[in-house]
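Down below is the structure, laid out as structure tokens.
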Amino acid sequence: PSSALPPYFMKGSIIQLADGELKRVEDLRAEDFLQSADLSGELKIDSSTVERIDSSRTPDAVIIQFSVGEHKTQVCVEVLVEYPFFVFGQGWSSCCPHRTTQLLALSCARLSVGDVCISLTLKSLR
Amino acid sequence: VPVFPWHSLVPFLAPTQSD
């Protein structure tokens with residue numbers, strides 16, 4: 001099952017920020033994402049609030065409904081319960097932090113309704 | 001050692017118009 005998650009969430013993975021700086025995934029902060037998006041020109045960080053977390057028909061998956069950006073656009077995503085999102089003021093968070101830590105060694109908080117996650121949109125879409 | 005771009009880690013929640 002761990003192969004279903006992307007490799008870059010594994011603790012110790014090296015992440016390159018937009019200014020070229022290298023950081024480990026577990027050391028990333030909200031500022032790193034915001035500054036990188038600023039530098040990128042094309043990408044914009046949105047605040048996406050978790051509105052609902054529902055079980056899925058797919059085993060080990062959940063359906064998360066987000067309210068995205070200033071227009072509060074409703075977007076649903078289906079992800080594995082261990083899939084980590086970056087929450088403002090909290091850091092990496094998943095629906096099943098125990099499983100995330102077990103599979104990725106990444107320290108995780110529990111993702112809950114009301115949490116504000118970092119997400120991306122294209123500037124040109126606005 | 002592989003190096004991954006920062007934007008890989010952030011979900012791309014593109015607003016889609018349902019109507």
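A, B, ... follow the sequence lines: proteins, then strands. Residue 1 opens every chain.
- Remark: E42(A) CD is loosely packed, at most 12 non-hydrogen atoms of other residues, nucleotides or ligands lying under 6.0 Å away.
- Under the 4.5 Å side-chain heavy-atom criterion for grouping Ile, Leu, Val, Met, Phe, Trp and Tyr, F9(A) is connected to L17(A) within one hydrophobic cluster.
- For S36(A), the parts lying under 4.5 angstrom from a heavy atom of chain B are both the backbone and the side chain.
- Rounding to the nearest 0.5 angstrom, the gap separating the CG atom in D19(A) from the CH2 atom in W6(B) is 11.0 Å.
- Residue H7(B) holds its NE2 atom at 6.5 Å from CG of L43(A), rounded to the nearest 0.5 Å.
- Atom CG of L9(B) is separated from atom OH of Y8(A) by 6.5 Å, given to the nearest 0.5 angstrom.
- Both the backbone and the side chain of V3(B) come within contact range of chain A, judged by heavy atoms closer than 4.5 Å.
- Summarising the geometry, atom CD1 belonging to I64(A) is positioned 9.5 Å from atom CG belonging to L13(B); distances are rounded to the nearest 0.5 Å.
- Each of L39(A) and L34(A) belongs to its own hydrophobic cluster when Ile, Leu, Val, Met, Phe, Trp and Tyr are linked at side-chain heavy-atom distances under 4.5 angstrom.
- In terms of hydrophobic clustering, with Ile, Leu, Val, Met, Phe, Trp and Tyr side chains grouped at heavy-atom distances under 4.5 Å, L5(A) and I14(A) are assigned to different clusters.
- The cluster map of Ile, Leu, Val, Met, Phe, Trp and Tyr, joined by side-chain heavy atoms under 4.5 Å apart, puts V77(A) and F12(B) in the same cluster.
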